[in-house]
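Some notes on the structure that comes next.
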Amino acid sequence: MALVAVGQLTSTASMAHNLAQCRVLVQKAVRAGAKALFLPEASDYIAASADETVRLVRAVHDSEFVLGLRDEARRARLPIHVGVHEPGCRDDGLRRVRNTVLWIDDRGDVAHRYQKIHLFDVDIKDGPVLKESNSVEPGSEILPPFDTPLGKVASTICFDLRFPEIAISLRRQGADIITYPSAFTVPTGKAHWEILLRARAIETQSYVIAAAQVGRHNEKRVSYGHSMIVDPWGVVLADLGDSGAAEPEIATAEIDHDMLRKVRTEMPLNRRT
Ligand SMILES: O=C(O)CNC(=O)[C@H](CS)NC(=O)CCC(=O)C(=O)O
């Protein structure tokens, strides 16, 4: 058994402010006895425009946000999974960033990074209009799950949640825990968030950990919240709700490998396709 924590915050365009919020979450996770902390997509900043997203980006090795969090991980001996932006690397003439998630291990080293594959380009009548591909270049690789003290963890990001074949591929590659660090919009969150997370957990018979942004980031963006931990039977073990509280919040749950084995043994999902 290993206790894990999901952290929920409202990132703004100020990296210093967001780092301070994440430090509070680290302290809370340590106090709760968690063995790892999972933070949302874009924890380093959420900007009000594509231009601002590109202007704010820093390389991981000199981002005050990432360096600060690495320091926290090392001092607390707490691995941290966190969504950040990185400078783009394509020579396509567009100035764009990468939407990445990092696994910072308990020595404070970046041991794994995944780049979001599916970008959120939507234009919903009377709903959100967002074009992530204006400021972000897509990743192209599903990465194999990596070893952690909690078991094999697999990374995806936010909108990737809507593509079940990623989750299936990660399970095939040995994942015990699939993560969805996110910043869902309120209308799509209300309609789909919990259902999709529980479906991914049930169909892969894996734990799902989804840390999420909550509340108002700027005059244009509000996130749905409801950071969740779901077990391999589809039971929601933790749900942080939508209160954009003054203090950022954590919730915890146990990762139970006996339970994982039991679900997979009692109802084997032997794919024939
Ligand atoms: O903008 C940033 O810096 C961070 N990135 C995000 O917030 C991304 C792109 S706008 N959000 C989503 O993918 C929401 C998906 C969603 O809400 C759904 O699938 O319904």
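All residue numbers refer to positions in the sequence shown, counting from 1. Whatever order the structure lists them in is the order used to number ligands and atoms, beginning at 1.
In this structure, Arg221 has no side-chain hydrogen bond (donor to acceptor under 3.5 Å, both in side chains) partners at least two apart in sequence or on a different chain.
Between Arg55 and Asp51 no salt bridge is recorded (no basic side-chain N to carboxylate O distance below 4.0 Å). Look at Asp147 and Lys152 and you find a salt bridge, because one of the NZ, NE, NH1 or NH2 atoms lies within 4.0 Å of a carboxylate O, short of that distance.
For residues 7-28, no pair satisfies ring-ring contact (aromatic ring centres under 6.0 Å, His included), with sequence neighbours left out. Pairs of residues two or more places apart, or lying in two chains, never qualify as ring-ring contact (aromatic ring centres under 6.0 Å, His included) while including a residue from residues 195-218.
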Discussion item. Does Phe159 form a ring pair (Phe, Tyr, Trp, His ring centres under 6.0 Å) with Phe120? I'd like the steps, not just the answer.
Written reply: CA-CA 6 Å; Phe159 191 54; Phe120 191 51; 5.2 Å; yes
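Within 4.0 Å of ligand 1, contacts by protein heavy atoms are made from Glu41, Ala42, His85, Asn99, Lys116, Phe120, Leu130, Glu132, Cys158, Phe159, Arg162, Ala183, Phe184, Thr185, Thr188, Arg221.
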